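Before any comments, here is the structure.
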Amino acid sequence: ASLPDRNMSEMESSLELTTSLPGSSLPPLRSRIFKIIVIGDSGVGKTCLTYRFCAGKFPEKTEATIGVDFREKVVEIDGEKIKIQLWDTAGQERFRKSMVQHYYRNVHAVVFVYDVTNASSFQSLPAWIEECKQHSLGVEVPRILVGNKCDLRDAVRVGTDLAQKFADSHSMPLFETSAKNPNDNDHVEAIFMTVAHKLKSQKPLVLSQPLGTESTVQLQQEHKSAWVCGC
Amino acid sequence: MKKGKKHQQNTGSQVTGNGTVKKQGEHESKKKQKLVEIHRALNSDPVDIETLRRAAVSEGGLVADEIRRKVWPKLLSVNVYNLPPRPGKDVRESHKDYNQVLLDVRRSMRRFPKGMRAEQREVLQEQLTDIILDVLKRNPQLHYYQGYHDIVVTFLLVVGERMAAAMVDTLSNHHLRDFMDPTMDSTKHILNYLMPILEEVDPELHDFMQRAEVGTIFALSWLITWYGHVLSDFRHVLRLYDFFLASHPLMAIYFAAVIVLYREKEVKSCDCDMASVHHLLSQIPQNLPYEELISTAQELFTRYPPVVLAKKAALQPRESITISSFKDFQMATLQQRPDTVLRQQLRDRASSDLAVPEEVAPAGTSQLVKMAVWGISATLGAAALAVAQTALDWAPEFLLQLF
């Protein structure tokens with residue numbers, strides 16, 4: 001879903017500021033970039049999650065995302081500045097079939113999103129996983145599963161047990177969260193930071209760009225369901 | 001000719017604060033001249049479609065919503081005196097795209113005028129859903145795409161439910177037809193015209209974008225919503241719709257190229273990678289010089305027509321229903337009778353179930369309100385008035401001096 005342009009540009013200009021400030025005395029080294037694609041059915045909250053992470057707040061009005069939207073945030077991990085690029089994709093099937101492919105290239109991690117109040121968004125997950133396979137993403141590319149909207153407790157249709165089982169069977173960590181819930185302020189951030197940490201530990205030598213051939217990737221089989229947390 | 005202060009406010013983007021009184025006067029008289037020409041063209045038999053097209057494309061476009069309600073249907077060969085019945089609600093639940101449409105329409109709040117009351121907006125959102133599903137139901141060959149709702153809402157807000165349904169039906173079978181295939185391969189094909197245009201005009205920029213591997217998805221939402229999804233000022237959207245309704249269906253992609261060319265310096269000074277360039281280009285500036293860009297797009301279209309581009313750039317040949325049916329579509333627009341005749345035909349048919357729009361002969365502001373409501377039909381109630389009010393905001397009052 002796309003956001004009001006004004007909000008977006010405000011947000012992005014502040015981001016640019018943070019990236020450009022510390023460069024004065026340091027050598028002009030480019031910060032590393034972690035590229036993460038966010039996929040899942042229409043309306044599960046992909047835009048809200050990515051916006052929440054990049055802007056630190058829940059967007060007031062989001063619209064359908066048409067094609068692919070891009071957001072980024074610079075974070076610091078162990079003293080290193082890392083640029084996290086989030087590619088927020090359209091949920092409607094026709095877009096992913098022929099439009100989104102381009103964005104699977106050189107992706108470092110995949111975030112699958114479903115809506116805990118919408119069973120069919122959960123049932124679509126195997127198709128999304130299959131989609132990833134078709135774009136020949138290697139096993140070393142970390143994947144995580146996010147169940148969104150868990151502030152709507154009374155409307156939950158996908159239980160944690162079921163989701164956990166599914167996540168386990170695909171060796172993915174599961175996070176249940178709410179992009180909206182103000183009490184979960186750090187939670188969305190923590191999810192993406194977990195991915196960033198994982199990527200950092202996994203890719204010590206990845207250069208900022210281009211990220212075409214990754215001969216230095218260390219295969220680390222993630223132990224199952226290590227990062228599970230409820231909301 | 002009057003040139004009061006009020007007019008200055010109402011003439012919108014064409015006149016800046018720097019405009020001299022003389023310029024203002026010229027501007028006003030040009031506009032009046034245009035309105036007279038439109039009026040004449042609408043009343044010729046058959047309707048003088050070439051003049052209407054020229055008016056829609058030339059500076060300022062169709063000027064006001066009252067004019068759009070008259071001219072838009074002609075540009076699409078829609079007989080407003082023989083509209084299909086109001087969309088029913090019966091197909092809703094059974095349609096395969098119902099959920100997607102509902103989801104997108106619910107999230108489309110930004111497309112409605114600021115300050116519109118929630119309950120009024122909700123009435124219009126219901127109608128928006130109905131129109132979309134109605135068109136899809138009547139045309140099983142058409143498939144809904146996210147962004148289609150951004151196009152339909154523009155028509156709904158300007159011409160009202162029934163006329164919008166008829167116009168969108170035609171548009172979907174012609175200009176938007178390729179976007180509505182079961183897959184988006186045809187849409188991709190149209191996007192593929194973008195880079196060849198850049199290559200012709202600015203090979204350096206073209207090469208930069210090739211190196212960045214930015215692709216053309218940044219322009220996807222521009223193309224398939226006719227910029228309705230990305231422009232926050234509704235007046236700009238309307239100006240572009242005037243232009244596109246009067247042009248070849250590929251004009252929207254020429255316009256995309258013109259925007260990229262306009263931002264050439266920004267693009268070239270940005271990091272040469274997909275993310276940076278995609279990010280820059282997908283944030284469309286809100287203060288584009290529309291009139292200038294429109295005439296550039298037209299020039300480029302004339303200089304590098306689609307056929308030439310396709311040959312030069314060795315574009316994969318692909319059967320485009322939109323392009324192949326355009327000639328017939330254009331021919332059909334030449335055969336239209338003026339509204340006076342169509343109205344008489346309707347009376348002769350004595351179809352009592354169709355709302356017959358009243359003769360428009362405004363003499364004062366209250367009349368203008370009526371005129372604004374005219375296109376929306378009386379069935380809307382509160383929502384119609386809300387729209388009418390908005391239309392009033394958009395409508396320059398010099399219209400009162402005409403017709």
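Note on naming: letters A, B, ... go to the chains in the order of the sequence lines (proteins, then strands), and numbering restarts at 1 for each one. Note that this is a predicted model, so its numbers are computed, not measured.
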### Query
Considering only heavy atoms, which portion of B:T225 lies under 4.5 Å from any heavy atom of chain A: side chain, backbone, both, or neither?
side chain
### Task
Under 4.5 Å heavy-atom distance to chain A, tell me which part of B:V105 shows up: side chain, backbone, both or neither.
neither
### Query
Between B:D104 and A:A64, which heavy-atom pair has the shortest distance, and what is it?
OD1-CB, 3.5 Å
### Query
Where on B:Q146 is there a heavy atom nearer than 4.5 Å to chain A: the side chain, the backbone, both, or neither?
both
### Message
Measuring from atom CG of A:D69 to atom CD1 of B:I217, what distance do you get when rounded to the nearest 0.5 angstrom?
### Response
11.5 Å
### Message
How about NZ on B:K96, more than 12 heavy atoms from neighbouring residues, nucleotides or ligands closer than 6.0 Å, or not?
### Response
yes
### B:H278 side chain vs A:V68 backbone, donor-acceptor pair below 3.5 Å
yes
#### Entry: Close side-chain approach of B:M274 and A:Q85, heavy atoms under 4.5 Å
no
### Query
Does atom CZ of B:R138 have more than 12 heavy-atom neighbours, drawn from other residues, nucleotides or ligands, at distances under 6.0 Å?
yes
#### Entry: Nearest non-hydrogen partners of A:S42 and B:R107, listed with the distance
OG-NH2, 3.5 Å
### Query
Ring centroid separation for B:H279 and A:W87, is it under 6.0 angstrom?
no
### Summary
So, the part of B:M184 with a heavy atom under 4.5 Å from chain A: the answer is both
### Task
Name the region of B:L103, side chain, backbone, both or neither, that has any atom closer than 4.5 Å to a heavy atom of chain A.
side chain
### Message
Taking B:D181's backbone N and O only, do any of them form a donor-acceptor pair with A:R94's side chain (distance below 3.5 Å, no angle check)?
### Response
yes
#### Entry: Heavy-atom contact with chain B under 4.5 Å, split by part of A:Q92
both
### Message
I need the A:F95 CZ to B:I224 CD1 distance, nearest 0.5 Å.
### Response
4.0 Å
## Note on the structure
Turns out that what part of B:Y148 lies under 4.5 Å from chain A's heavy atoms comes down to neither
